[in-house]
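The sequence lines fix the lettering, A, B, ..., with proteins before strands; numbering per chain opens at 1.
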Amino acid sequence: MSEWTRTRKMQRSLVYDRLATYGFYGLGILVLLLIFWLLLTILGKGLPGLSLEFLMKLPEDMDPGGGIGPVLFNSFYILILSLLISVPIGVGAGIYMAEYAPPNKFTEVLRICVESLSSVPSIVFGMLGLAIFAEYFQIGLTILGGAVSLAFLNLPMLARVTEEAVRAVQNDVKNASYALGMTKFQCIRTVVIPMAMQGIVTGICLVAGRAFGESAVILLTAGLSTSGEMWDFNLFSPGETLAVHLWYVQSEAIVEDARQIADKSAAVLVIVVLMMNLLFRIPLWISNRRLKK
Amino acid sequence: MKLFKKLTLAAVTSLVAVTTLVGSASAASGISGKITINGSTALLPLTLQAAKEFQKINPKVRISASGKGSVTGPQAVKKGIADIGACDWDASMDVPGFKAFEGQVANKVAVIPFATVTNKNVKVNNLTTEQLKGIFSGKITNWKEVGGDDADIVVITRAFGSGTRVNYQAKALAGGDIVKKAKNYKEVGSSGDMKTAVSTTPNAIGYIDLVYVNSDIKALSYNGVQPTTDNVINGSYKIWAYGYYMTKGQPTGATKAFIEYVQSAKFQQGSLKKLKFIPISAMR
Amino acid sequence: MSTPVQQYVPKERQVLTPPAKRRRFSRSARVRFTNRLFTYYFWFSILALCLVLGLVIFFIGKTAFLTFRDISFADFFLSFNWTPEEEHYGAAAFIINTLSLTALTLALAVPVSVGLAVLIAEIAPGWLKNAMRPILDLLVGVPSIVYGYLGLTVLIPFLRRLSGENLGDGLLAAALVLALMVLPTICRISDDAISAVPKKYREAAYAMGSTRLQVMMRVVIPAAGRGIIAAVIMGMTRAIGETMAVVMVIGNTAQLAKSLFTPASVLTSNIVMQISNVEFDSTWNYALHMMAFLLLIISFVLILFIRYLGRKGREQA
């Protein structure tokens with residue numbers, strides 16, 4: 001476009017555009033700085049003292065130098081169990097809401113109910129879990145109870161994120177697949193889910209990260225103690241997780257190095273979440289790359 | 001997906017079967033069973049340490065412990081969720097704010113001393129019962145009035161119903177009230193938060209179990225007596241209380257053995273002392 | 001968007017299959033079978049979700065409504081006096097504080113997170129995109145008590161210096177911590193919504209000579225509106241329900257927050273602080289459950305309100 005055709009209005013638009021771009025970058029840099037400062041404080045305090053021994057040793061209540069071995073193991077164990085329960089159901093419910101549910105008032109109310117459910121404080125889910133597992137089934141504080149309660153907590157969020165991701169898939173693509181004579185499920189499996197995968201993975205990442213850091217639910221349903229040995233796969237053992245241990249160490253423990261253990265545990269939590277994200281995302285990147293080729 | 005579900009279901013059921021089998025098989029020999037402990041967080045370090053040692057001697061006993069608040073202990077026992085309810089007061093009797101729990105037995109396990117603490121910038125070193133009552137009821141609002149600098153007193157307290165608060169009110173404030181104020185008043189949820197809040201807030205005053213006191217905060221004398229273990233034992237420092245394990249009726253089986261272990265001289269003189277609690281036998 | 005034609009999709013029995021090929025284990029039979037199977041599976045999932053939903057509502061509601069055996073509706077909702085030790089159960093202050101805290105948090109978090117989402121989805125080069133997304137996800141995984149601890153030891157002393165107050169605890173501290181906590185949730189979900197806007201919309205707008213800002217404000221954001229609203233709602237509900245961090249920085253004093261630095265208490269923080277210290281069969285416990293139930297209702301209403309705003313905004317655009 002040559003100079004003389006630029007009206008004043010266009011000139012203004014261009015200036016605004018430039019300013020907005022700077023603005024957005026400024027904002028991004030600001031937030032990134034904040035995040036880096038945050039990570040630096042958490043990791044900077046915790047990383048230096050971190051050793052393999054700390055990751056594998058049993059926690060101590062009396063002498064300094066306790067580790068987080070069984071606690072860390074329980075964290076993973078409970079997380080995986082709860083994801084095994086919540087992901088199939090949550091994703092299924094999300095697909096149902098997006099693809100099958102009739103667009104009527106009932107669906108709408110259900111959707112809002114599911115959304116409001118995430119504003120129930122997690123401690124209430126903990127109390128629900130306590131009422132179900134400790135009081136009704138009489139199995140006490142167990143890994144199983146913790147995992148199921150955690151799945152309850154995560155279901156609504158997972159269902160909603162999946163629904164949004166599935167809805168974002170364009171109708172054209174779906175119509176094209178129906179035109180090829182696909183059944184509804186074939187279309188969902190081969191077209192909708194692959195296209196919505198990025199959103200669904202975001203949902204799982206958000207949920208998994210939150211579940212990994214959740215303490216109130218586990219505290220009430222899985223307890224604050226471990227069975228005292230590593231690699232205890234028994235579903236009925238007490239299952240203190242790393243986040244609960246962090247809470248305990250920060251608020252009640254009286255060992256001398258409580259502060260250091262808390263710092264180190266926080267650092268471990270953050271690192272694990274980072275690795276979990278990568279683990280979920282790498283397959284996605286690879287498949288994306290393959291699609292682009 | 002479906003197959004996978006069936007597999008998990010099968011795995012879970014078989015696991016259940018195996019554990020019940022193992023559980024019932026081991027019931028025949030020695031002390032065995034399952035003990036669930038809930039309640040006071042202040043006693044938790046002690047409970048966890050005792051559980052670890054006890055399980056080493058009796059490998060067939062499985063102990064799971066958790067903590068939320070003192071009153072949770074006797075309540076969980078009442079509901080049958082827990083076998084032992086750790087509580088910072090004798091829950092078989094009425095205390096201000098809580099009714100007695102009928103049919104429960106209080107087993108003393110430790111002596112817990114408490115201390116009045118302030119931020120390190122506070123110049124005052126000693127407070128009397130009357131001065132403390134004035135501060136926590138909101139009548140005294142400036143450190144000047146108790147011999148300190150001219151600065152507002154920031155009161156930090158535990159939530160109503162916390163074991164520490166119940167005992168502190170009964171012993172240090174002689175039953176006096178802790179009154180909510182519009183400003184310069186804050187409630188915290190745990191001993192750790194209390195420590196952090198007092199150590200980071202200038203002119204703050206609070207109270208905490210003596211074991212948590214370290215160089216970050218300053219422990220004040222009470223009526224001229226320093227809060228030390230020795231002063232508690234010789235009877236001159238009055239702010240202390242027993243920690244209790246509440247049970248439904250007299251304890252039996254594994255629960256009984258566990259409580260006896262905690263009360264044994266070996267544990268009381270060993271780990272319990274190391275954890276900076278005071279053995280019950282030291283008190284007259 | 002183009003016409004949805006799903007409703008014209010042939011029912012499974014009508015799928016075109018030459019009769020000659022209809023053997024029992026033919027491909028089409030298998031396809032039809034899995035189709036039916038998974039329809040049932042999706043049904044089962046939604047039922048499971050409803051079950052959980054019902055269970056939670058029933059569990060809270062059952063205890064909550066016992067409150068009104070002992071105290072009247074008006075006492076609970078209109079009184080500002082919460083001193084359960086003396087049988088006063090007025091929750092009005094908590095309700096108002098919860099609403100103001102939520103509003104403040106969203107006012108801080110939404111512009112920043114949506115702006116950041118736009119940056120990531122539209123402006124930033126590929127490598128930056130790939131770097132920022134996992135970093136944001138990382139923020140979600142930081143446990144809330146770590147946020148609370150940093151708030152207590154870094155943010156509050158800072159606010160204390162800034163304001164000259166003795167404490168520094170209050171709505172502002174809580175809102176700042178919450179804003180940081182919900183930022184990744186809102187940002188990541190809006191980012192996905194913006195990325196999902198079809199490329200042709202943008203191309204059409206650019207072809208008409210729009211600048212990037214115009215494309216974003218007039219085309220992309222309205223087109224992604226539904227997703228962004230979902231993101232805001234999810235961020236909001238998390239902010240309403242968050243406890244462990246809020247408890248450490250808000251001051252936990254049952255009174256109306258008259259300024260940003262008044263130590264106050266919101267519904268969640270009050271529930272968490274007190275629920276472990278009350279007896280099961282007491283009005284106090286019922287009242288706390290009622291407050292949890294109230295949280296559900298408040299977020300229900302707020303979600304309706306945000307939806308309404310969103311719909312109105314889109315009609316105008």
Could you tell me if the side chain of V31(C) sits less than 4.5 Å from the side chain of Q186(A), heavy atoms only? yes
Stepwise side-chain contact (heavy atoms from CB on, under 4.5 Å) test for K200(C) and D172(A): CA-CA 13 Å; K200(C) 59 186 179 195; D172(A) 306 10; 3.2 Å; yes
Going by ring pair (Phe, Tyr, Trp, His ring centres under 6.0 Å), Y96(A) matches just one of Y41(C), F42(C), W43(C), Y40(C). Which one? W43(C)
Can you tell which part of M217(C) gets under 4.5 Å to a heavy atom of chain A, answering side chain, backbone, both or neither? neither
Do F38(C) and F185(A) have their ring centres less than 6.0 Å from each other? yes
Interface moiety of L150(C) toward chain A, non-hydrogen atoms closer than 4.5 Å: side chain
Just wondering, do T185(C) and M157(A) contact through their side chains at under 4.5 Å, heavy atoms? yes
Heavy-atom proximity to chain A below 4.5 Å, by part of I60(C): side chain
What part of Y100(A) is in contact with chain C, defined as an atom under 4.5 angstrom from a non-hydrogen atom: side chain, backbone, both or neither? side chain
With respect to chain C, which residue among A20(A), A165(A), C205(A), A93(A) yields the maximal number of heavy-atom pairs within a distance under 4.5 Å? A93(A)
Taken to the nearest 0.5 Å, the spacing of M182(A) CE from N35(C) CG works out to 12.0 Å
In terms of heavy-atom proximity below 4.5 Å to chain C, should A216(A) be classed as side chain, backbone, both, or neither? both
Does the side chain of R189(A) reach to within under 4.5 Å of the side chain of T34(C), using non-hydrogen atoms? no
Whatever's closer than 4.5 Å to a heavy atom in chain C on C113(A) counts as both
Which bit of L155(A) is near chain C, if near means a heavy-atom gap under 4.5 Å: side chain, backbone, both or neither? both
Under 4.5 Å from any heavy atom of chain A - which part of L183(C): side chain
For V197(C), is it the side chain, the backbone, both or neither that has a heavy atom under 4.5 Å from a heavy atom of chain A? neither
For each of M234(C), R133(C), E242(C), tally heavy-atom pairs with chain A at distances under 4.5 Å, and name the one with the top tally. M234(C)
Should L55(C) and I132(A) count as side-chain neighbours, where that means a heavy-atom distance under 4.5 Å? yes
Is I303(C) close to chain A through its backbone or its side chain, or both, or neither, when contacts mean heavy atoms under 4.5 Å? side chain
Does the side chain of T211(C) come within less than 4.5 Å of Y16(A)'s, by heavy atoms? no
Heavy-atom cut-off 4.5 Å, strictly under: side chain, backbone, both or neither for M248(C) against chain A? side chain
Please report the interatomic distance CZ(R238(C)) to OG(S122(A)), rounded to the nearest 0.5 Å. 9.0 Å
Could you tell me which portion of M132(C) (side chain, backbone, both or neither) has an atom closer than 4.5 angstrom to a non-hydrogen atom of chain A? side chain
Using non-hydrogen atoms and a 4.5 Å limit, figure out which bit of V91(A) sits close to chain C: side chain, backbone, both or neither. neither
Side-chain contact test, heavy atoms from C-beta onward, threshold under 4.5 Å: evaluate it for L213(C) versus S13(A) and give yes or no. no
Of the backbone (N, CA, C, O) and the side chain (C-beta and beyond), which part of D191(C) lies under 4.5 Å from a heavy atom of chain A, both, or neither? neither
L128(A) versus chain C, the contacting section by heavy-atom distance below 4.5 Å: both
Segment of L295(C) engaging chain A (4.5 angstrom heavy-atom cut-off): both
Where does L296(C) contact chain A at under 4.5 Å (heavy atoms): side chain, backbone, both or neither? both
Using non-hydrogen atoms only, which part of V112(C) is less than 4.5 Å away from chain A: side chain, backbone, both, or neither? both
Looking only at heavy atoms, which two atoms of S45(C) and I89(A) are closest? And how far apart? CB-O, 3.3 Å
Apply side-chain contact (heavy atoms from CB on, under 4.5 Å) to V56(C) and F152(A), showing your working. CA-CA 9 Å; V56(C) 174; F152(A) 283 180; 5.8 Å; no
Less than 4.5 Å apart, side chain to side chain, heavy atoms only: is that true for I112(A) and R307(C)? yes
With sequence neighbours left out, the residues meeting salt bridge (Lys or Arg N to Asp or Glu O under 4.0 Å) with R111(A) are E108(A), E163(A)
Need one label for I188(A): side chain, backbone, both or neither, based on atoms under 4.5 Å from any heavy atom in chain C. side chain
So which of P184(C), S299(C), A230(C), A292(C) has the biggest tally of heavy-atom pairs under 4.5 Å with chain A? S299(C)
So which part of L19(A) gets closer than 4.5 Å to some heavy atom of chain C, the side chain, the backbone, both or neither? neither
Tell me, side chain or backbone of E115(A) under 4.5 Å from chain C's heavy atoms, or both, or neither? both
Which answer fits I275(C), side chain, backbone, both or neither, if we ask what part of it has an atom under 4.5 Å from a heavy atom of chain A? side chain
Separation between CE (M244(C)) and CD (E214(A)), nearest 0.5 Å, reads 7.5 Å
Give a yes or no on this: more than 12 heavy atoms of other residues, nucleotides or ligands lie within 6.0 Å of atom OH of Y206(C). yes
Residue among D192(C), I135(C), T268(C), L267(C) with most heavy-atom pairs under 4.5 Å to chain A: D192(C)
Interchain contact, M127(A) with chain C, by part (heavy-atom threshold 4.5 Å): both
Residue part contacting chain C, namely of L220(A), when any heavy atom lies under 4.5 Å: neither
Side chain from CB out, backbone as N, CA, C, O: work out which of these in R167(A) comes under 4.5 Å of a heavy atom of chain C, or both, or neither. side chain
Do I46(C) and L110(A) pass the side-chain contact (heavy atoms from CB on, under 4.5 Å) test, and can you show the C-alpha distance, the side-chain angles, and the key distance before you say yes or no? CA-CA 10 Å; I46(C) 195 77; L110(A) 183 68; 4.0 Å; yes
Sort F293(C) into side chain, backbone, both or neither according to what part of it lies under 4.5 angstrom from a heavy atom of chain A. neither
State the CD-CD1 distance between E164(A) and I189(C), to the nearest 0.5 angstrom. 8.5 Å
Nearest-0.5 Å distance that lies between atom CE in M216(C) and atom OG1 in T21(A): 6.0 Å
From S116(A) atom OG to L304(C) atom CG, the distance as rounded to the nearest 0.5 Å: 8.5 Å
Would you mind writing out the side-chain donor-acceptor pairs for residues 23-39 of chain A within the sub-3.5 Å range, not counting sequence neighbours?
none

Pick whichever of C50(C), G115(C), A196(C) has the most heavy-atom pairs under 4.5 Å with chain A. G115(C)
